[in-house]
Each structure stands twice: as C-alpha cells, then as structure tokens.
Amino acid sequence: MLLTHGALAVVTIFLVTLATHMLINEHFLNYIHELQSEEHLKIVKEFTEFYRDGKWNREQISKSGQEMLAKGYLITLTDSQGQTLWSPQQIDPQTYRQTLEQIQARAGVYFKTVKPSLITKEYPLKSPDNLSIGKLTISYYDTYFLNEHDILFLNSLNKSLLVIAGISFLMVLLFSTRISETMGRQLGAIVEAAKEIASRRQSFRDKLIDTKISEIKELAYAIKQLEEDLREQEESNKRLTADIAHELRTPLATLQSHLEALIEGIWEPTRERLISCHEEILRMTSLVNDLEKLNKYDTGQIELNKVKFDLSSLVNNIITNFQRDFYKKKIALTFSGQPCEIIADREKIGQVVVNLLTNSLKYTPEGGEVFINVFQRGGLSHIVVNDNGIGIAKKDLPYIFDRLYRADASRARSTGGAGIGLAIVKAIVEAHQGKIQVTSEVGKGTEVIVTIPNR
Ligand code: ADP
C-alpha cells in the first residue's frame with residue numbers, strides 16, 4: 001500500500017512540477033516573441049530607409065548590420081536580384097565567431113541544459129512606391145533577450161517549484177506511511193477478529209469499529225453483524241434442540257411410567273390405558289410431523305409456485321373443511337369476503353389460513369366466536385382472523401412466532417400444539433413480501449392480520 005501510494009504521489013508531483021515549469025517558460029518566451037515582432041518592424045523600417053533613388057547605401061547597411069549583431073540579431077540583406085548586400089559573415093571571421101559565441105553563451109544562461117535554438121524570420125522590403133527592393137532575414141535566439149530580472153525571476157520560480165515538490169514528496173511519504181500503517185494495523189486486527197469469531201474463540205470487540213476510515217468502519221460493522229447473526233442462529237438452534245427435548249420428554253415419561261406399571265403388573269392392560277399410551281405416541285408423531293413441516297418452510301428459501309386465484313374462494317373452501325370442528329366446539333364461525341384476485345402460492349397461502357383457523361379453534365373456548373374477513377386495499381390483500389378466545393399475554397406476544405414457542409396459558413392446555421404453526425405462517429407471509437400483525441388481550445381474544453401484495 002505504501003509503495004503504491006508513494007509511487008503514485010512521486011509521479012504526480014513530478015508531472016505537476018514539470019508541467020508548471022514548462023508553462024512558465026512558454027509564457028515567458030511568448031512574451032519575448034511578441035516584443036521581438038515589434039522590434040523587427042523597427043529594424044525593417046530602418047533598413048528600408050537605406051534604399052534611396054534606386055540604390056542601397058552599403059556603408060550604412062554595414063554599420064547597422066554590425067550594430068544589430070552587437071544587439072544579438074544576425075541580419076542578412078539581399079537585393080531584389082537575390083544578391084547578398086550584407087550578412088554577418090562579411091565582418092572578419094574571428095570577430096564574427098567571437099560575437100556569435102558571446103550571443104550563444106548569453107542565450108544559454110537560462111536554459112543551461114538545452115542548446116538555444118536559432119529563430120529565423122524573413123521580411124520582404126518595399127520602396128515607398130511599393131516596389132520590391134529586397135529581403136531582410138533576421139535570426140535570433142529568443143532566450144538571448146531574457147534580461148537579468150527575467151532570469152532571476154524564472155530561476156527563483158523554478159527553485160520554489162523544486163522546494164514545493166520536495167515538501168510535497170516528504171508530506172506524501174509521511175502521510176502514506178502513517179495511513180498505510182494505520183490501515184494495515186486495523187485491517188489486520190479485523191482479520192484476526194474474523195478468524196477468532198469463526199473459531200468461536202472470541203466475540204467481536206467493539207473497539208474495532210473505533211476508526212476514522214469509513215470503509216474499515218463499514219467492514220467492522222459488517223463483521224459485527226455477521227457475528228451477531230451467527231450467535232443468534234446458534235442460540236436459536238440450541239433453543240430448538242432444548243425445546244424438542246422438552247416436548248418429547250413429557251410423552252416419553254408418561255409412556256415409560258405407563259408401560260413400566262403394565263410390565264410390573266401394577267396395572268391391568270385395559271383398553272383405556274392402551275388408548276392413553278397410543279395418544280402419547282400420536283402426540284409425538286404429530287410433533288415430528290410438525291418439525292418436518294417447519295424444516296420445509298424454515299430454510300429461508302421457500303420456493304413459491306405463484307398462480308392467479310381468488311383468495312376469498314380459497315378461504316371459503318378451507319372454512320368448509322373446518323365447519324364440523326367449529327360446530328362440535330359450538331364456536332360460531334363467520335366469514336365475510338369480497339372477490340380478491342391475487343397472484344401467490346395458493347397451497348402455501350392455504351396453509352396460512354389453516355394454521356390461523358386452527359389456532360382460533362384451539363384457543364377459543366366453547367360458545368366463542370371467530371370472524372374471518374378477506375378484502376383488498378391499496379394493492380394489498382388482507383386476511384383478518386378475529387376470535388374472542390383466551391388471548392395472549394403481553395409478555396408472550398413477541399415470541400409467538402418463534403419455533404416451538406407456546407404461551408404458558410396454552411401450554412397448560414392439552415389442546416396446545418407444538419408451537420410451530422405461527423412460525424410457518426410468518427415464513428410463508430414473508431416469502432410473499434407480506435406482513436403479519438397480532439394484537440391480543442388475555443381473556444378477551446386475538447386478532448391476526450396478514451397482508452400480502454396482490455401480485
Ligand atoms: P401452537 O401449535 O402451539 O398453536 P403456534 O405457533 O400456532 O403454536 O402459536 C404459538 C403460540 O401462540 C400458541 O402456543 C399460543 O400460546 C399462542 N396463540 C396463537 N394463536 C392464538 C390465538 N388465536 N389465541 C390465543 N393464543 C394464541
């Protein structure tokens with residue numbers, strides 16, 4: 001991490017410094033070229049004036065040519081026939097070489113590393129009556145015209161740039177080292193924690209979340225969540241096993257004592273006693289069946305076989321099957337439903353209705369009333385089951401959807417099931433992206449509202 005950060009930072013700093021350096025230089029040279037254009041016009045004008053009455057004044061040309069050389073301009077003048085009237089080579093070779101070396105030396109003061117380049121411009125010369133009288137070629141080194149101030153300014157600017165680059169590099173190095181160290185340490189701690197959690201050696205320590213780096217914080221939260229889910233699942237599994245053991249113990253104990261009494265001859269094997277034993281076996285079989293059912297619905301991945309059907313007709317059919325049981329228990333069962341077309345898993349929604357009606361039947365005493373209402377509102381189908389039965393205590397309400405949970409009141413009653421019905425209802429409803437809501441009061445009754453999207 002440190003290496004990538006560092007390398008990236010160095011490259012960036014280098015590129016930014018180089019770009020700034022080049023921009024400043026270009027800006028300065030542009031400025032010099034502009035100044036030169038004006039200067040060249042003056043030179044052209046001066047040399048044009050050396051042409052009078054169809055003749056060139058060679059003396060003046062040579063004088064000015066030498067003056068221009070001293071100023072850093074290499075001037076070549078040709079007449080209209082292309083014959084050279086003046087070029088710097090015309091002065092004595094030694095002086096010419098020396099002057100040129102001086103010009104080049106000065107031009108190279110600023111750009112020490114780059115050979116100064118010669119710029120050449122050509123200007124046609126015209127007489128006042130607009131006739132072509134020749135051509136003036138001006139050659140110069142642009143950096144020659146940087147004055148001392150300019151060079152000083154540019155040099156100090158470049159030095160500042162170097163200092164800034166140096167400081168930036170040091171800072172990047174410092175911060176990169178610190179950040180990669182911190183991140184490395186924190187990530188290492190989280191990896192260690194994840195390993196410990198996986199091997200159940202330790203639970204998640206909240207201090208791992210105490211970081212300023214948001215991504216690491218999120219990772220720490222995710223692992224904490226994972227650990228909590230894992231723990232919850234483990235606890236739920238433990239609870240389930242304990243509950244199953246508890247549920248099996250009672251019928252097994254009864255069976256054991258009955259059979260022992262029969263074997264030891266304390267009891268006569270009468271029909272009633274055998275029926276009692278058979279009932280205990282039936283109770284265990286029913287528990288095993290329920291567990292099997294729960295396993296089918298509780299894996300978290302219920303497969304829905306969605307079809308279009310009328311919910312009211314489905315509920316009505318189920319009620320028909322229940323009518324005898326309700327009648328036997330003298331409970332009035334009232335159904336009101338409007339046509340409700342929905343797209344859902346018909347069989348599983350049927351299971352929901354069966355479980356809710358079973359509960360109302362189980363937990364409503366003789367002479368009670370049960371209402372079931374089916375309707376649609378705002379894209380949702382509602383199934384409302386209302387009874388005036390024994391009700392559920394406030395303390396039990398949060399747990400009635402847990403597997404094998406039975407409220408004390410129903411536990412005491414022989415009618416109570418294994419505590420699986422509502423867990424199945426919840427799993428099916430949630431698989432349909434629906435909701436279930438239970439309100440209840442002990443001694444007054446219970447209302448269960450199931451809502452599922454129409455499609
Ligand atoms: P069970 O098989 O025991 O009925 P459920 O999961 O269907 O299991 O219900 C869990 C518990 O919620 C029941 O044991 C009972 O205590 C309570 N319960 C559910 N429905 C009702 C109801 N309509 N009236 C009173 N108590 C209810």
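For reference, positions follow the sequence shown, starting with 1. Atom set for the values below is all heavy atoms of this structure, side chains included, hydrogens, waters and symmetry mates excluded. In each ligand, atom 1 is the first atom listed, and ligand 1 is the first ligand listed.
- With a 4.5 Å cut-off on side-chain heavy atoms, Tyr123 and Lys135 do not count as touching.
- For atom 24 (N) of ligand 1, the nearest non-hydrogen atom from the set Asn386, Thr446, Val448, Thr364 comes from Thr446.
- Using cut-offs of 30° and 60° on the angle between ring planes, the pair His382 and Phe375 is parallel.
- Contacts between Thr358 and ligand 1, counted as non-hydrogen atom pairs separated by less than 4.0 Å, are absent for every part of the residue.
- The residues Arg231 and Glu227 are annotated as salt-bridged, a charged nitrogen and a carboxylate oxygen being separated by less than 4.0 angstrom.
- Annotation: Gly421 places an N or O atom under 3.5 Å from an N or O atom of ligand 1; distance criterion only.
- Checked by atom type, the side-chain pair Gln376/Asn454 shows a donor-acceptor distance below 3.5 Å.
- Set against the non-hydrogen atoms of Ile400, the atoms of ligand 1 under 4.0 Å away are 6 (O), 10 (C), 12 (O).
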| message | Walk me through whether Tyr73 and Gln36 qualify under side chain to side chain donor-acceptor pair (under 3.5 Å). | response | CA-CA 10 Å; Tyr73 298 108; Gln36 283 308 306; 2.9 Å; yes
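- Heavy-atom contacts of Lys362 reach the following atoms of ligand 1: 1 (P), 2 (O), 4 (O) (cutoff under 4.0 Å).
- Heavy atoms of Gly389 come nearer than 4.0 angstrom to ligand 1 in no pair at all.
- A donor atom on one side chain and an acceptor atom on the other are not found under 3.5 Å apart for Asp345 and His432.
- Looking at Leu422 next to ligand 1, an N or O pair under 3.5 Å apart turns up.
- Residue contact check for ligand 1: Ile420 places a non-hydrogen atom closer than 4.0 Å to it.
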